[in-house]
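Some notes on the structure that comes next.
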Amino acid sequence: MSLTEKAMLARLSITQWSARKMDKRVTEEVRVNHDASADAGRYNKLLIAQEAIKTVQAVATAARETHYRLTLPWRDDGARILPAKAFFDYSKSMRDSEAEFNRAVAEFLLEYPALVSDARHRLNGMFSENDYPSADKLRARFSWAISIDPLPTGEDFRVTIGDDETARIRAEIDARTRHALADGMRDAWQRLYDCLLYTSP
């Protein structure tokens with residue numbers, strides 16, 4: 001069985017509205033009042049009561065944890081190795097998590113007008129209408145995307161250079177892929193070992 005039949009690459013991308021914003025005016029007031037330097041700090045406003053967005057954040061965190069649990073390290077570009085045997089479990093978990101994420105976002109957006117109204121009183125003099133996007137624009141701040149790609153192989157390298165050089169580069173690509181897969185498996189075994197170590201009596 002070839003490497004590409006044993007595993008694939010999975011990327012999970014989740015974006016959320018931070019509900020925070022630096023207040024330059026208040027930051028400057030604090031700096032002046034304390035005669036501090038310009039880089040002494042900054043004041044970040046919590047635009048809404050954080051409890052209101054915690055459900056969305058919790059779903060996103062749980063999904064990332066599942067993504068990391070079912071995949072193995074690859075490179076630093078966000079992609080991770082997804083073993084073929086784990087594909088269906090991964091797909092179901094991600095579909096369920098995405099549905100839960102979308103429900104949580106929809107519920108949050110329904111509450112959003114009331115949360116903005118509450119912020120007027122909670123922030124008082126620090127409240128600014130410009131800090132709050134419309135509900136439509138705010139919906140665009142939340143996104144969920146998963147991409148599945150095949151593991152790269154030497155055959156993917158198609159550049160017109162000498163045959164010997166092409167063969168060498170293709171062999172290097174295949175070797176790097178095999179090494180990355182082996183490193184990922186070692187990581188999986190280490191996770192299992194650590195789990196057994198900490199759960200043994």
Does the side chain of [Y] come within less than 4.5 Å of [X]'s, by heavy atoms?
X	Y	answer
Gln16	Arg141	no
Ile146	Leu12	yes
Val26	Met126	yes
Arg20	Leu47	no

Shortest non-hydrogen contact between [X] and [Y], atoms and distance:
X	Y	answer
Ala52	Glu111	CB-OE1, 4.3 Å
Leu72	Pro83	CD1-CG, 4.1 Å
Pro73	Ile81	O-CD1, 3.4 Å
Ser134	Tyr112	C-CE2, 4.5 Å
Ala135	Leu109	O-CD2, 4.2 Å
Leu70	Ser93	CD1-OG, 4.4 Å

Rounded distance [0.5 Å steps], [atom1] in [X] versus [atom2] in [Y]:
X	Y	atom1	atom2	answer
Met8	Ser147	CE	OG	12.5 Å
Ile53	Leu115	CD1	CG	9.0 Å
Glu107	Asn102	CD	CG	11.5 Å

Holding to salt bridge (Lys or Arg N to Asp or Glu O under 4.0 Å), I want the full list of residues that pass it with Arg25, two or more places apart in sequence or in another chain.
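Partners of Arg25 under the salt bridge (Lys or Arg N to Asp or Glu O under 4.0 Å) test: Glu29.
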
Short side-chain to backbone donor-acceptor contact, Gln50 and Ile48, under 3.5 Å:
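Yes; at least one donor-acceptor contact below 3.5 Å.
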
Should Asp23 and Arg42 count as an ion pair when the cut-off is N to O under 4.0 Å?
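No salt bridge links Asp23 with Arg42.
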
Glu28 with Arg31: basic N within carboxylate O range, under 4.0 Å:
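Counted as a salt bridge, because a side-chain N and a carboxylate O are separated by less than 4.0 Å.
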
Check the orientation of Phe108 and Trp17. Use parallel for under 30°, tilted for 30 to 60°, and perpendicular for over 60°.
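Geometry flag for Trp17 against Phe108: tilted rings.
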
Between Phe101 and Trp144, what is the ring plane arrangement, given parallel below 30°, perpendicular above 60°, and tilted in between?
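Phe101 and Trp144: tilted rings.
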
Please lay out, stage by stage, how Asn44 and Lys21 fare under the test side-chain contact (heavy atoms from CB on, under 4.5 Å).
CA-CA 5 Å; Asn44 285 298; Lys21 186 166 185 180; over 6 Å; no

Tell me whether the count of non-hydrogen atoms from other residues, nucleotides or ligands lying under 6.0 Å of CZ in Arg64 goes above 12.
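Yes, the 6.0 Å shell around CZ holds more than 12 heavy atoms from other groups.
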
Check: His67 ring centre within less than 6.0 Å of Tyr90 ring centre
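Aromatic pair counts; centres sit under 6.0 Å.
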
Under 4.5 Å between side-chain heavy atoms, counting indirect links through other Ile/Leu/Val/Met/Phe/Trp/Tyr residues: same cluster for Val56 and Leu110 or not?
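No, Val56 and Leu110 fall in different hydrophobic clusters.
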
Does one hydrophobic cluster hold both Val30 and Leu46, with members joined at side-chain heavy-atom distances below 4.5 Å?
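Looking at the clustering, Leu46 is in a separate group from Val30.
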
For Tyr43, all residues meeting ring-ring contact (aromatic ring centres under 6.0 Å, His included), sequence neighbours excluded
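ring-ring contact (aromatic ring centres under 6.0 Å, His included) check on Tyr43 returns nothing, list empty.
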
Residues Leu9, Arg80; criterion side-chain contact (heavy atoms from CB on, under 4.5 Å); working and verdict
CA-CA 5 Å; Leu9 295 178; Arg80 288 176 64 84; over 6 Å; no

What I want to check is whether the side chains of Thr15 and Ser143 have a donor and an acceptor closer together than 3.5 Å.
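A donor-acceptor contact under 3.5 Å links the two side chains.
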
Does the side chain of Asp39 pick up a donor-acceptor pair with the side chain of Ser37 at under 3.5 Å?
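Yes, a side-chain donor-acceptor pair sits under 3.5 Å.
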
